[in-house]
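Reading through the structure tokens given below for one structure.
Protein chains get the first letters and strands the later ones, always in sequence-line order, with residue 1 at the start of each.
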2 protein chains.
Amino acid sequence: METKETEIMATLPAVRPILEQIANKWAILVLTFVCDKPQRFNVIKRRLDGITQKALTETLRRLERNGLVARRVIPVSPVAVEYSITKLGRTLQDPFAALYDWSVTHQSEIEKAQSQFDAFATASKGCGNLEGNFEGPTA
Amino acid sequence: METKETEIMATLPAVRPILEQIANKWAILVLTFVCDKPQRFNVIKRRLDGITQKALTETLRRLERNGLVARRVIPVSPVAVEYSITKLGRTLQDPFAALYDWSVTHQSEIEKAQSQFDAFATASKGCGNLEGNFEGPTA
DNA sequence: CCGTATCCTAAATGATACTG
DNA sequence: CAGTATCATTTAGGATACGG
């Protein structure tokens, strides 16, 4: 059955640039933050503790350009800007939440896999006398 | 109700590095490709038409390090290497598929939003005589 | 407060050549 | 075939300063 494979190959050229836009860490987190209610620039920035002004500005611009969040300038002084999720953005809420939840749920498994991999990589570094000290898998 | 917000803030530090690992274009596409059956390096490379050897190697290594795909060397000559999805990787199959499907489904909406945004941005560039030629939103 | 502009450094990417 | 290594170039990221 090659239906699935063929389908992927057919849609791939269109999907690729879109994933490029939406499938990144900051986009997911920022969209998650504005899901409940409109949020101001510096509130998001403080919550994402560590993101630079530049990175946040770029992320918000890209989200806005793709129609996922709306930008609203409130003409007080000093100016206030509110970012809110759009109707289109709402359709991404569940997929993003699934990814977020997956990260929470499988955190320890990921970490375990990482340390195993890293342990192996380290062991293979100075492998000159390794075969003398280490008995390989006997299975 | 701040339960949701509080929960996000509590899990955020752990989730961030994980999203950093998994939420990127190549990882999603590569994992999608090995979902059905084990795939060899150059098969994946050809399908992802355009990805460089280096980028694919790095993506596969990261997936392997995080326990999402398994690498199996088949000692024939010339050597063959097969990449297959792991049990942990399977748990990501649905979230990734949701993202992929979203991209297919909302492709035209994204493109529409992009051209609107870009048209506005272009119009604002040389805005010297703009107010004379353009009637702003009357709503 | 919410950005943009600039400068600088670090990292990602690409092309090319080489190895088991 | 499946990589690693190297280098050259582009791009991202951070720090700072300034403007609306």
Side-chain angles (χ1 to χ4, degrees), chain A residues 16-17 19-30 33-34 38-65 69-84 117 120-121 124-128 131, chain B residues 16-17 19-30 33-34 38-65 69-84 117 120-122 124-128 130-131:
Chain A
R16 255 166 73 167
L19 283 181
E20 210 147 349
Q21 297 283 315
I22 65 166
N24 73 79
K25 184 186 46 162
W26 293 132
I28 295 176
L29 294 178
V30 168
F33 277 148
V34 298
Q39 299 285 358
R40 290 180 55 174
F41 186 89
N42 275 337
V43 174
I44 303 174
K45 184 168 181 297
R46 260 189 298 278
R47 289 201 176 186
L48 281 177
D49 175 53
I51 193 173
T52 60
Q53 210 168 32
K54 195 181 175 183
L56 181 54
T57 302
E58 286 165 354
T59 301
L60 285 167
R61 281 284 172 289
R62 192 169 53 248
L63 288 172
E64 193 195 354
R65 177 170 185 264
V69 306
R71 181 175 181 273
R72 173 170 162 252
V73 180
I74 304 161
V76 293
S77 182
V79 72
V81 181
E82 249 184 22
Y83 293 90
S84 54
F117 185 94
F120 239 102
S124 313
K125 274 289 170 57
C127 56
E131 51 252 322
Chain B
R16 254 166 74 168
L19 284 180
E20 210 147 347
Q21 297 283 315
I22 64 166
N24 74 80
K25 185 185 48 162
W26 292 132
I28 294 175
L29 295 178
V30 169
F33 277 147
V34 298
Q39 299 284 357
R40 291 180 53 172
F41 186 89
N42 275 335
V43 174
I44 304 174
K45 184 168 180 298
R46 260 189 299 278
R47 289 201 177 186
L48 282 178
D49 175 54
I51 193 174
T52 60
Q53 212 168 27
K54 195 180 174 185
L56 181 54
T57 301
E58 287 166 352
T59 301
L60 285 167
R61 282 283 173 289
R62 192 169 52 247
L63 288 172
E64 194 195 353
R65 177 168 185 265
V69 307
R71 181 176 182 272
R72 173 171 162 249
V73 179
I74 303 163
V76 294
S77 181
V79 72
V81 180
E82 250 184 22
Y83 292 92
S84 54
F117 185 93
F120 238 101
T122 307
S124 312
K125 276 289 170 57
C127 54
L130 216 164
E131 50 252 323

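- Rounded to an integer number of Å, the gap from A/L48 CG to D/dG14 P is 12 Å.
- Contact annotation for A/Q53: base contact, defined as any heavy-atom pair under 4.0 Å involving a base atom.
- Nucleotide C/dG3 holds its P atom 11 Å from the CD1 atom of A/I74, rounded to whole Å.
- Remark: P of D/dC1 and CG of B/N42 are 5 Å apart, rounded to the nearest angstrom.
- When each of B/R46 and A/I51 is assigned the nucleotide of DNA chain D bearing its nearest heavy atom, the one mapping closer to the 5' terminus is B/R46.
- No option in A/V69, A/L48, A/V30 other than A/V30 meets the side chain to side chain contact (heavy atoms under 4.5 Å, CB included) test with A/T59.
- The phosphate of C/dC2 (OP1 or OP2) has no side-chain N or O of A/R71 nearer than 4.0 angstrom.
- The CD atom of B/Q39 sits 15 Å away from the P atom of D/dC1 (whole-angstrom rounding).
- Dashed line: the shortest gap from a side-chain N or O of A/R40 to OP1 or OP2 of C/dC1 is not under 4.0 Å.
- Between B/K25 atom NZ and C/dT13 atom P the separation is 8 Å, expressed in whole Å.
- The closest donor-acceptor contact from the side chain of B/N42 to the backbone of B/K45 lies at 3.5 Å or more, if one exists at all.
- Of all non-hydrogen atoms in A/I22 and A/A27, the two that sit nearest each other are O-CB, 3.8 Å.
- Atoms CZ and OH, from B/R40 and B/Y83 in turn, are 11.5 Å apart once rounded to the nearest 0.5 Å.
- Relative to the ring axis of A/F33, A/R47 places its NZ or CZ within 45° and under 6.0 Å from the centre.
- Contact between the side-chain N/O atoms of A/R61 and the OP1/OP2 oxygens of C/dG3 is found at a separation under 4.0 Å.
- The existence of a salt bridge linking A/E82 and A/R72 is confirmed by a sub-4.0 Å separation between a basic side-chain nitrogen and an acidic carboxylate oxygen.
- In this structure, CG of B/L56 is placed 13 Å from P of C/dT13, rounded to the nearest angstrom.
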Dot-bracket encoding of pairs in DNA chain D, which uses [ ] for pseudoknotted crossings and | for another strand, Watson-Crick or G-U under 3.5 angstrom: ||||||||||||||||||.|
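- The nearest whole Å value for the distance from the CD1 atom in B/I44 to the P atom in D/dA2 is 9 Å.
- Between B/L19 and A/L29, the shortest heavy-atom contact is CD1-CD2, 3.7 Å.
- Between A/R72 atom CZ and C/dC2 atom C1' there is a gap of 15 Å when expressed in whole angstrom units.
- Where B/V79 and A/K54 meet DNA chain C, the nucleotide closest to each residue was compared, and A/K54 sits on the side nearer the 5' end.
- Between A/Y83 and C/dG3, a side-chain N or O to OP1/OP2 separation shorter than 4.0 Å is present.
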